[in-house]
Amino acid sequence: MRMSRYFLPILKETPAEAQIVSHRLMLRAGMIKQASAGIYSWLPLGFKVLRRLEDIVHEEQIRAGHNPMLMPTLQSADLWRESGRYEDYGEEMLRITDRHGRDMLYGPTNEELITDIFRGHVQSYKDLPLTLYHIQWKFRDERRPRFGVMRGREFFMKDGYNFDVSKEAALHAYNRHMVSYLRTYERMGLKAIPMRADSGPIGGDDTHEFLVLADTGESEVFYDSAILDLKLGDRDVDYDNWDQCSAIKDEWTTPYARTDETHNEARFAEVPEAHRKSSRGIEVGQIFYFGTKYSDAMNAKVVNEEGAHVPVHMGSHGIGVSRLVGAIIEASHDDNGIIWPESVAPFKVGIVNLKQGSEEADGACEALYKELNAKGLEPIYDDRNERAGAKFATMDLIGIPWRITVGPRGLKNGVVELTSRKTGESVEVTPEEAVARCEAIYADV
RNA sequence: CGGGCUAUAGCGCAGUUUGGUAGCGCGUUCGUCUGGGGGACGAGAGGUCGCAGGUUCGAAUCCUGCUAGCCCGACCA
């Protein structure tokens with residue numbers, strides 16, 4: 001993409017409404033524009049990051065054997081009356097009446113809808129296990145939206161639902177989700193810690209939230225710092241292997257890690273003092289096992305091996321995709337702007353032309369641009385007629401992980417400069433070498 | 001939902017106390033110079049002062065009502 005043709009309305013000054021750093025940077029980098037309280041338009045740069053996260057979530061869900069689908073944003077109130085939640089959910093649910101006077105709602109979650117789909121099409125244990133999920137916009141009419149996309153009213157979320165014939169099978173689904181979530185967050189360059197949590201309005205027995213540590217987090221968290229050293233890495237996971245998933249879950253849930261809601265001082269005191277940490281965290285996902293809560297209420301049964309009709313065991317799992325954009329920025333930025341992890345960066349490499357209009361610099365940049373595009377390294381080429389300072393500041397603000405700086409001074413010696421956004425370190429290399437290095441960097445992202 | 005506050009050019013703000021022809025910085029347009037960390041100078045464009053009513057010779061400014069948004073708290077992915 002050429003910056004001269006890209007819609008990137010960056011701001012030098014911080015809009016008054018933004019308080020926390022991710023909100024400020026998203027506005028300044030031209031990623032979002034507020035449409036009304038807690039509701040945002042996603043401008044090209046923000047949309048690109050959002051799609052990247054969505055892609056990663058899809059890839060990891062499919063890897064775990066789950067079925068992508070898409071349910072509507074508007075739902076009929078009837079299903080919610082059946083589960084009893086139409087009354088229970090309260091003011092956070094946006095209720096709408098259509099022209100025929102039918103009660104509708106903008107879905108805050110999809111347990112009812114998915115259970116209805118399930119009961120209409122699945123009758124036998126032979127069709128289980130089954131996990132369906134979608135990534136869709138949700139709406140919760142927060143009393144006080146704030147922090148930009150971190151706590152909006154409209155938000156983009158992956159929510160999935162597993163259906164199993166027994167509690168044991170459903171608990172494997174729970175473990176499988178924990179592993180796939182760990183992998184998802186790790187791919188996004190995040191350290192998200194599973195913490196025992198309260199089940200809230202979803203209900204259920206077993207639940208963990210995933211929290212990213214950041215000073216601006218809404219929750220107070222307490223944990224054993226040993227958990228920070230855990231890494232899934234490239235270990236070979238078989239998502240159908242109950243023992244392996246269970247072992248990985250144990251690995252991550254053995255060190256103490258809880259939010260203030262479930263914090264237990266006595267058990268925390270058993271953690272070695274040097275490892276005892278407390279800080280703040282941003283919740284970026286949650287998994288639940290809730291048994292037969294919805295299948296009982298909505299009569300979702302399957303025939304088991306003995307020929308008996310039994311309510312199906314369920315769980316649900318969510319990842320706040322739009323919120324993650326903010327959470328990643330909270331976890332990865334500096335005074336100059338955003339620092340995208342390579343895996344989620346909207347553009348992989350930035351090209352800065354220091355002398356727009358000069359034959360040598362333009363030619364070298366065009367060649368680099370073409371080569372990077374050919375190799376799928378998605379460059380953003382700052383071809384505007386701006387001064388060097390403005391171009392550097394823009395690249396830093398929008399957080400492009402690697403920058404290739406092309407100027408007459410270097411070209412005289414046949415070199416360009418390759419700079420890491422994260423460390424600020426630069427190396428002078430030939431243009432070919434710069435491309436080769438970028439290719440190597442992104443080969444294993 | 002309780003408490004506090006704001007609304008003036010695309011963005012950040014002053015002007016409101018004490019009514020009298022709407023200003024500053026950034027951005028933007030044109031020109032000249034400049035050219036490796038948001039450059040300089042010059043010349044422009046851009047605002048029914050959130051909306052509706054009222055008081056007044058005259059309202060951004062005073063009064064009434066509404067709307068939108070922000071902050072703290074309680075609540076939440």
Side-chain angles (χ1 to χ4, degrees), chain A residues 9-20 23-24 27-28 30 33-39 89-93 107-110 135-159 181 192 197-202 207-212 217-219 259 261 281-288 316-327 335-337 352-358 361 382 384-397 403-412 415-417 419 424 426 428:
Chain A
I10 60 169
L11 303 172
K12 249 184 179 178
E13 284 170 300
T14 303
E17 77 240 31
Q19 301 302 311
I20 62 166
H23 191 194
R24 283 203 300 263
L27 289 167
R28 286 197 54 212
K33 174 163 170 38
Q34 180 165 323
S36 63
I39 302 177
Y89 219 93
E91 302 265 316
E92 288 206 344
M93 182 147 76
T109 176
N110 290 266
I135 303 180
Q136 175 65 291
W137 292 95
K138 311 287 192 299
F139 197 92
R140 290 184 195 168
D141 199 359
E142 298 282 344
R143 282 176 186 161
R144 179 148 98 89
R146 62 184 117 171
F147 304 152
V149 300
M150 298 257 290
R151 189 168 165 197
R153 293 195 293 170
E154 189 181 46
F155 56 99
F156 198 49
M157 179 177 170
K158 174 262 167 179
D159 51 320
Y181 274 27
D198 271 347
S199 57
I202 309 277
T207 175
H208 281 85
E209 316 186 299
F210 293 79
L211 287 107
V212 172
E218 74 274 57
S219 316
T259 67
E261 290 172 339
I282 300 166
E283 191 191 329
V284 293
Q286 188 161 7
I287 55 176
F288 301 89
S316 73
H317 337 86
I319 293 181
V321 179
S322 50
R323 161 177 278 209
L324 268 167
V325 179
D335 290 346
N336 295 326
V352 167
N353 185 345
L354 291 176
K355 193 160 185 183
Q356 207 67 45
S358 100
D382 193 343
R384 300 171 303 163
N385 190 19
E386 290 287 342
R387 295 171 63 92
K391 293 191 177 188
F392 291 144
T394 299
M395 284 295 178
D396 287 352
L397 176 62
R403 186 184 81 208
I404 299 177
T405 308
V406 180
R409 211 163 72 192
L411 287 178
K412 224 183 299 175
V415 296
V416 296
E417 200 173 81
T419 307
S426 292
E428 292 203 333

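Every chain is numbered from 1, with letters handed out A, B, ... down the list of sequences.
Residue-level contact check: A:A388 touches the backbone only, with heavy atoms under 4.0 Å from sugar-phosphate atoms and none from bases. Among the atoms of the strands shown, base atoms are found under 4.0 Å from some heavy atom of A:G407. Among the atoms of the strands shown, none is found under 4.0 Å from any heavy atom of A:S322. Counting non-hydrogen atoms under 4.0 angstrom, A:L11 reaches nothing in the nucleic acid. Note on A:N353: nothing from the nucleic acid sits closer than 4.0 angstrom, heavy atoms only. Contact annotation for A:G389: backbone-only contact, meaning every heavy-atom pair under 4.0 Å involves sugar-phosphate atoms and none involves a base. Note on A:I10: a base of the nucleic acid sits closer than 4.0 angstrom, heavy atoms only.
In this structure, the side chain of A:R153 engages the main chain of A:A37 through a donor-acceptor pair within 3.5 Å. Within the 3.5 Å criterion, the main-chain N or O of A:P15 finds no donor-acceptor partner in the side chain of A:R24.
Pairing for B:A7 is with B:U67, a Watson-Crick or G-U wobble pair whose two hydrogen-bonding atom distances lie under 3.5 Å. In this structure, B:U55 makes no Watson-Crick or G-U wobble pair, since no nucleotide meets both defining distances under 3.5 angstrom. With a cut-off of 3.5 Å on both Watson-Crick or G-U wobble distances, the partner of B:G73 is given as B:C1. The partner of B:G19, taking Watson-Crick or G-U wobble pairs whose two distances both stay under 3.5 Å, does not exist in any strand shown. Pairing for B:U28 is with B:G44, a Watson-Crick or G-U wobble pair whose two hydrogen-bonding atom distances lie under 3.5 Å.
Between the P atom of B:U34 and the NZ atom of A:K355 lies a distance of 10 Å, rounded to the nearest Å. We find that CG of A:N110 is positioned 13 Å from C1' of B:A77, with the value rounded to whole Å. At whole-Å resolution of the value, CZ in A:F392 and P in B:G36 are 9 Å apart. Atom P of nucleotide B:U32 and atom CG of A:N385 are separated by 12 Å, given to the nearest angstrom. For the pair A:R28 CZ and B:G12 C1', the interatomic distance rounds to 12 Å; values are reported in whole Å. Put simply, CG on A:L354 is 14 Å from C1' on B:G38, counting in whole angstrom units. Between the CZ atom of A:R24 and the P atom of B:C11 there is a distance of 18 Å, given to the nearest Å. If you take CZ of A:R387 and C1' of B:C41, they are 13 Å apart, rounded to a whole angstrom.
B:A77 and B:A68 have their C1' atoms separated by 26 Å, given to the nearest Å. Of the P atoms belonging to B:A60 and B:G23, the separation is 13 Å, rounded to the nearest Å. Nucleotides B:C11 and B:C5, compared at atom P, are 25 Å apart to the nearest Å. Taking atom P on both nucleotides, B:G73 is separated from B:C63 by 31 Å, rounded to a whole Å. Comparing the P positions of B:U29 and B:G3 gives a spacing of 48 Å, expressed to the nearest Å. B:C1 and B:G39 have their P atoms separated by 47 Å, with the value rounded to a whole Å. If you take atom C1' in B:A9 and the same atom in B:U28, they sit 11 Å apart, rounded to whole Å. Using atom C1' as the reference point in both B:A43 and B:C49, the two lie 27 Å apart (nearest Å).
Here the rule is side-chain contact (heavy atoms from CB on, under 4.5 Å) with A:V352, and of A:E386, A:K391, A:E417 only A:K391 fits it.
Side-chain contact between A:R140 and A:T109: present, with at least one pair of heavy atoms (C-beta onward) separated by less than 4.5 Å. A:K138 is listed as a side-chain neighbour of A:D159, based on a closest heavy-atom distance under 4.5 Å.
Distances were taken from every side-chain heavy atom of A:R403 (C-beta onward) to each of B:G38, B:G36, B:G37; the shortest belongs to B:G37.
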_Does the protein touch nucleotides 66-74 of chain B at the base, only the backbone, or not at all? Give it as B, S and - per nucleotide, heavy atoms under 4.0 Å._
---SSBBBB
_For a quick check, with a 4.0 angstrom heavy-atom cut-off, what is the B/S/- contact string for nucleotides 24-31 of chain B, read 5' to 3'?_
-BSS----
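Both A:M157 and A:R384 sit near RNA chain B, but only A:R384 has its closest nucleotide nearer the 5' end.
The shortest heavy-atom contact between A:Q286 and A:A197 is NE2-CB, 3.8 Å. Considering all non-hydrogen atoms of both residues, A:Y181 and A:G318 come closest at OH-N, 3.2 Å.
Using modelled atom types, one finds no donor on one side chain facing an acceptor on the other under 3.5 Å when comparing A:S219 with A:E283.
For a distance-only test at 3.5 Å, the side chain of A:N336 fails to qualify as a donor-acceptor partner of the base of B:G37.
Per the stacking criterion (ring centres < 5.5 Å, plane angle < 30°), A:F155 stacks onto the base of B:A77.
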